[in-house]
There are 2 protein chains.
Amino acid sequence: MLRAVLTRPAPDELAEFLAEALRDGGAVVQVAGELEVFYSGRAASVAEAGDYLLIVKPDGSVQVHGPRGVKPLNWQPQTDDVRVTCEDGVAVLVAERFTPPETLRVGFVAPEFAQAFELKDGGSFVLLGTEAEMQAALASDPSVIEPGLTLVDLELPTDVGGIDLLARDASGALVVVELKRGRAGHEAVHQLARYVESVRSVWPGAVRGILAAPAVTAPALNRLGALGLEFREVSALPGPKQETAVQDALF
Amino acid sequence: MLRAVLTRPAPDELAEFLAEALRDGGAVVQVAGELEVFYSGRAASVAEAGDYLLIVKPDGSVQVHGPRGVKPLNWQPQTDDVRVTCEDGVAVLVAERFTPPETLRVGFVAPEFAQAFELKDGGSFVLLGTEAEMQAALASDPSVIEPGLTLVDLELPTDVGGIDLLARDASGALVVVELKRGRAGHEAVHQLARYVESVRSVWPGAVRGILAAPAVTAPALNRLGALGLEFREVSALPGPKQETAVQDALF
DNA sequence: GTTTCGATATCGGTT
DNA sequence: AACCGATGTCGAAAC
């Protein structure tokens, strides 16, 4: 799996190593050490020489990491072309995308080590607690939102976007439901308001709006009230009992 | 810089290595090989055993990468606690955050290699083409948006959010300007519409709304027209001449 | 600590 | 290819 490791490689040595590892495909390539990074495309950036970790994945995606944080300092999503050259005695990697046109350029000023290794496509991955999952759960049992609620439609398109969930309440009024998997802010309130307004413009009867989320920020709740809309607390993850079971199983 | 490398370490060997490298601080720790990953917090996920690359940075941030994409399969922003144990003959890393409460758990089923290396805080980093930069440029010379325009205020708070740029046109009308550094979609149009509406409710005179961005989607442009608002093309990066100069300098 | 907002957002689905 | 919306968004600044 670990294909090769170079320590403090010379520029031409590094260039050759990278060229081969990248040509081959299928390998994750890393270089750590003193690098300088230039980016130009949607924006532009310059990182002076400093300690960074470069990672090139088999799909051509590139990332340059500093010592902190999940997000790379510089990156390039799946690239169309990755080249390695040697310029003025320094190995240089150039990663290019065409749409949008972007170029990332990494100069290996003082590489400490370089390595390449395989990373086969892994096993299954399951994520719970997405908005899509919430939607499915509430669609199959709308009474979780409110007793007497019946489903009318999902992702109903309006002229201002798709309504997450449209239902009818016990009194026959239409209910527009906006879902958020996390704490809802005022943007969610505005979305809901737009949908409700849109439905009212084509529906003569009563129309209610409900924001369904695990929590809501105080300002958003205020605005919701001011607009005559409602909030309903709904958990993103399965109920407490099941959640505990899942956690017990995992930890 | 490269502190240590282990190849196909035994569970207890790996556990000891990780514990020491993490206790020490200041090092980036990597493990590649067959891993299984469990996450529970805002959501929950399970990744069956597969080939992944684990990276733990000195700040306690953790990421697990698969063979594709810039985004990790699983991650944990700056954690409050990272522990390593050996359970049932398998080394396990547990990274925990308290706010929000989240736990990431990585089991090293068949580690291929593990390593630790230093990554000192790097040199300077400069990013061009941000919205903040656009705002500053347009504030210092509003005539770029429209001849005769004069600045009134920046980031003016309304009851529905902050207005990027407020100006007055040659005829004395107030102009609400919404900035986007990339292609603007209908969400930007709705934001602008809200701001304009808010200003009109407190200002008796004429109020115009301008969406200033490098580009706009067709549906957004339609909606903009329907609402009586305007679009003005503004580049995020410095002008073509300067941009060329920057690119020439870099590439 | 909470809230808000930008981001080279990335990524996937749909048209 | 463009568009749209979710994201365990992350991360920083303002409050």
Side-chain angles (χ1 to χ4, degrees), chain A residues 37-45 59 61-64 68-78 97-104 127-135 155 157 160-162 164 178-188 191 214-222 236-237, chain B residues 37-45 59 61-64 68-78 97-104 127-135 155 157 160-162 164 179-188 191 214-221 236-237:
Chain A
V37 189
F38 307 101
Y39 159 75
S40 177
R42 289 166 291 175
S45 73
D59 66 348
S61 61
V62 180
Q63 34 198 318
V64 179
R68 288 189 299 230
V70 169
K71 286 188 58 175
L73 177 82
N74 268 117
W75 69 92
Q76 190 82 290
Q78 192 168 3
R97 296 172 81 187
F98 301 138
T99 53
E102 293 190 303
T103 307
L104 183 67
L127 179 64
L128 306 173
T130 60
E131 189 180 303
E133 209 186 16
M134 273 180 80
Q135 192 182 36
E155 294 298 341
V160 290
D164 284 341
E178 171 68 21
L179 293 179
K180 285 296 160 204
R181 71 159 307 287
R183 175 170 281 235
H186 60 62
E187 206 52 48
Q191 256 183 58
V216 62
T217 65
L221 187 58
N222 289 339
L237 284 164
Chain B
V37 189
F38 307 100
Y39 159 76
S40 178
R42 288 168 289 174
S45 73
D59 65 348
S61 61
V62 179
Q63 36 199 314
V64 179
R68 286 187 304 222
V70 169
K71 280 187 61 176
L73 177 82
N74 267 118
W75 67 92
Q76 190 79 291
Q78 193 168 359
R97 294 172 84 188
F98 301 139
T99 54
E102 293 189 302
T103 307
L104 182 67
L127 179 65
L128 306 173
T130 59
E131 187 179 304
E133 209 187 14
M134 272 179 82
Q135 191 183 39
E155 295 296 343
V160 289
D164 285 341
L179 293 179
K180 285 297 161 203
R181 70 159 308 288
R183 176 171 281 236
H186 60 66
E187 206 52 48
Q191 252 183 59
V216 62
T217 67
L221 187 58
L237 285 163

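Below, chain A is the first sequence line, B the second, and so on; all start at residue 1. Keep in mind it's a predicted model, so treat the numbers as computed, not measured.
- To the nearest 0.5 Å, the span separating CD on A:Glu178 from CD on A:Glu131 amounts to 6.5 Å.
- In this structure a side-chain-to-backbone donor-acceptor pair under 3.5 Å is missing from A:Arg181 to A:Met134.
- In this structure, B:Pro219 reaches the sugar-phosphate backbone alone: every heavy-atom distance under 4.0 Å involves primed, P, OP1 or OP2 atoms, never a base.
- Nucleotides D:dG5 and C:dT8, compared at atom P, are 22 Å apart to the nearest Å.
- Remark: A:Glu102 pairs with A:Tyr39, A:Arg42, A:Arg97 by the side-chain hydrogen bond (donor to acceptor under 3.5 Å, both in side chains) rule, at least two apart or across chains.
- Residues B:Arg183 and B:Val216 fail the side-chain proximity criterion, which asks for heavy atoms closer than 4.5 Å.
- Residues B:Asn74 and B:Ser45 come closest through the heavy atom pair ND2-OG, 3.2 Å.
- Proximity of a side-chain donor or acceptor of B:Asp59 to a complementary backbone N or O of A:Gly69 within less than 3.5 Å is detected.
- Using atom P as the reference point in both C:dC11 and D:dG11, the two lie 15 Å apart (nearest Å).
- Across all strands shown, A:Ala236 has no heavy atoms under 4.0 Å from either base or sugar-phosphate atoms.
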Q. Which letter, B, S or -, goes with each nucleotide of nucleotides 5-15 of chain C from 5' to 3', with contact meaning a protein heavy atom under 4.0 Å?
A. SSSBSSS----
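- Protein chain A contacts DNA chain D over a range whose 5' and 3' limits, counting nucleotides with an atom under 4.0 angstrom from a non-hydrogen atom, are D:dG5 to D:dG11.
- Between D:dA6 and D:dC10, the two C1' atoms lie 14 Å apart (nearest whole Å).
- A:Gln191 places a side-chain heavy atom less than 4.5 Å from the side chain of A:Lys180.
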Q) Can you check side chain to side chain contact (heavy atoms under 4.5 Å, CB included) on B:Leu128 and B:Glu133, steps first, answer last? A) CA-CA 7 Å; B:Leu128 306 173; B:Glu133 209 187 14; 3.6 Å; yes
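- A:Thr217 meets the side-chain hydrogen bond (donor to acceptor under 3.5 Å, both in side chains) test with no other residue; sequence neighbours excluded.
- Consecutive Watson-Crick or G-U pairs involving DNA chain D, each under 3.5 Å on both distances, make up stems of three or more pairs at C:1-7 with D:9-15, C:9-15 with D:1-7.
- Scored by the side-chain contact (heavy atoms from CB on, under 4.5 Å) test, A:Glu155 finds A:Gln135, A:Asp164 as partners (sequence neighbours excluded).
- Residue B:Ala220 is classed as having no contact, given no heavy-atom separation below 4.0 Å to the nucleic acid.
- The minimum heavy-atom distance linking B:Ala220 with B:Ala184 is given by the pair CB-O, 4.0 Å.
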